[in-house]
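Beneath this line is the structure, given in structure tokens, with notes to follow.
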Amino acid sequence: MDEIRTELQTLQGRVDENQHTILKNIEGIENRIVKLEKSKREVLALKSDLLPTTSSVPETVSLYPEEMYSEAYRIYKEGRYAEAREAFLKFLHKFPQTEFSDNAQFWIGECYYKEKNYEKAILAYEEVIQKYPQGNKIPDALLKEALCFRAIGDKTSSNIIFQRVIEKYPESLQAEIARKELNKSP
């Protein structure tokens with residue numbers, strides 16, 4: 001019985017140690033996101049206007065969110081990522097809280113991801129998570145955020161976020177992908 005108690009105490013010590021390590025890692029991820037957000041705010045503060053004045057996106061802005069969103073998505077599908085990002089930004093400027101807003105923010109992240117601008121993609125995906133917590137793009141945004149952290153060499157952060165996807169959305173396709181990605185990690 002004493003051996004079992006000793007072993008149980010040892011295991012509890014390891015669990016406590018692992019929890020502490022995970023919490024410190026999450027804190028580190030949060031700090032990195034805060035720094036990235038601060039950098040983003042500084043860049044935006046230097047611009048006179050959030051949206052560019054010259055654009056290859058048609059200036060005829062629809063009064064209907066679905067049409068404007070569809071046009072931005074069409075541009076994205078054509079692989080014109082900078083233009084698509086601009087179109088999604090215009091959409092969000094005009095329609096910040098519609099059924100398409102979380103998707104538009106997600107596609108902004110995807111534009112950055114396709115351009116291999118992973119830091120900006122992380123920020124865009126984080127906006128999906130923060131601004132649209134009830135939206136349907138949260139699992140996708142978390143998964144892509146983890147892939148971005150992996151792409152910039154931060155395997156610890158990516159693994160923690162993969163684990164979060166699995167815990168919060170265990171039956172989802174995103175959780176299945178996260179499990180596969182975690183199995184790739186050494």
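Computed from heavy atoms alone, side chains included, the values below leave out hydrogens, waters and symmetry copies.
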Rounded distance [0.5 Å steps], CG in Leu143 versus NZ in Lys137: 11.5 Å
Ring pair (Phe, Tyr, Trp, His ring centres under 6.0 Å) partners for Tyr169, two or more places apart: none
Salt-bridge criterion met for Arg179 and Glu176 (N-O under 4.0 Å): no
Set of residues satisfying ring pair (Phe, Tyr, Trp, His ring centres under 6.0 Å) with respect to Phe100, sequence neighbours excluded: Tyr69
Arg14 side chain vs Gln9 backbone, donor-acceptor pair below 3.5 Å: no
Candidate pair Arg32 and Ile152, rule side chain to side chain contact (heavy atoms under 4.5 Å, CB included), full reasoning: CA-CA 12 Å; Arg32 287 187 70 181; Ile152 62 174; 3.4 Å; yes
Least distance between heavy atoms, Tyr132 atom then Ile138 atom: O-CD1, 3.3 Å
Polar side chain donor-acceptor pair, Asp16 to Gln12, under 3.5 angstrom: yes
Taking every non-hydrogen atom, the tightest pair across Phe149 and Ile33: CZ-CG1, 4.4 Å
From CA spacing to verdict: side chain to side chain contact (heavy atoms under 4.5 Å, CB included), Lys120, Asn117: CA-CA 6 Å; Lys120 286 186 179 180; Asn117 192 337; 3.3 Å; yes
Residue pair Leu142 / Gln174, side-chain heavy-atom distance below 4.5 Å: no
Among Phe91, Tyr113, Tyr81, ring pair (Phe, Tyr, Trp, His ring centres under 6.0 Å) partner for Tyr76: Tyr81
Neighbour count above 12 (heavy atom, 6.0 Å) for Glu66 CD: no
Pairs flagged by salt bridge (Lys or Arg N to Asp or Glu O under 4.0 Å) wherever residues 96-111 is involved - sequence neighbours left out: Glu110-Lys144
Closest contact, heavy atoms only, Ala84 versus Cys111: CB-SG, 3.9 Å
Stepwise side chain to side chain contact (heavy atoms under 4.5 Å, CB included) check, Arg5 with Asp2: CA-CA 5 Å; Arg5 279 192 195 114; Asp2 287 337; 3.3 Å; yes
Nearest atoms (heavy-atom pairs only) where Ala141 meets Ile129: CB-CG1, 4.0 Å
Distance (rounded to the nearest 0.5 Å) between Met68 CE and Lys94 NZ: 6.5 Å
Spacing of CZ belonging to Phe88 relative to CD1 belonging to Ile75, to within rounding of 0.5 Å: 8.0 Å
Over 12 non-hydrogen atoms of neighbours within 6.0 angstrom of CD in Glu7: no
Pair Gln163-Glu167, side chain to side chain contact (heavy atoms under 4.5 Å, CB included): steps then yes or no: CA-CA 6 Å; Gln163 197 62 45; Glu167 289 170 8; 3.5 Å; yes
Separation between CG of Leu147 and OH of Tyr125, rounded to the nearest 0.5 Å: 8.0 Å
Interatomic spacing from CG in Asn25 to CD1 in Ile29 - rounded to 0.5 Å: 6.5 Å
Minimal non-hydrogen separation, Ile26 against Ile160, with atom names: CG1-CG2, 3.7 Å
Heavy-atom donor-acceptor pair, Asp154 side chain to Arg150 backbone, under 3.5 Å: no
NZ or CZ of Arg85 within 45° of Tyr112 ring axis and under 6.0 Å: yes
Validation row: Gln105, Gln130 side chains within 4.5 angstrom (heavy atoms): no
Polar side-chain atom of Ser101 near backbone of Phe95 as donor-acceptor pair, under 3.5 Å: yes
Distance in Å, Leu182 CG paired with Lys155 NZ, rounded so as to fall on 0.5 Å steps: 12.0 Å
Closest non-hydrogen atom pair, Ala175 against Ile166: O-CG1, 3.7 Å
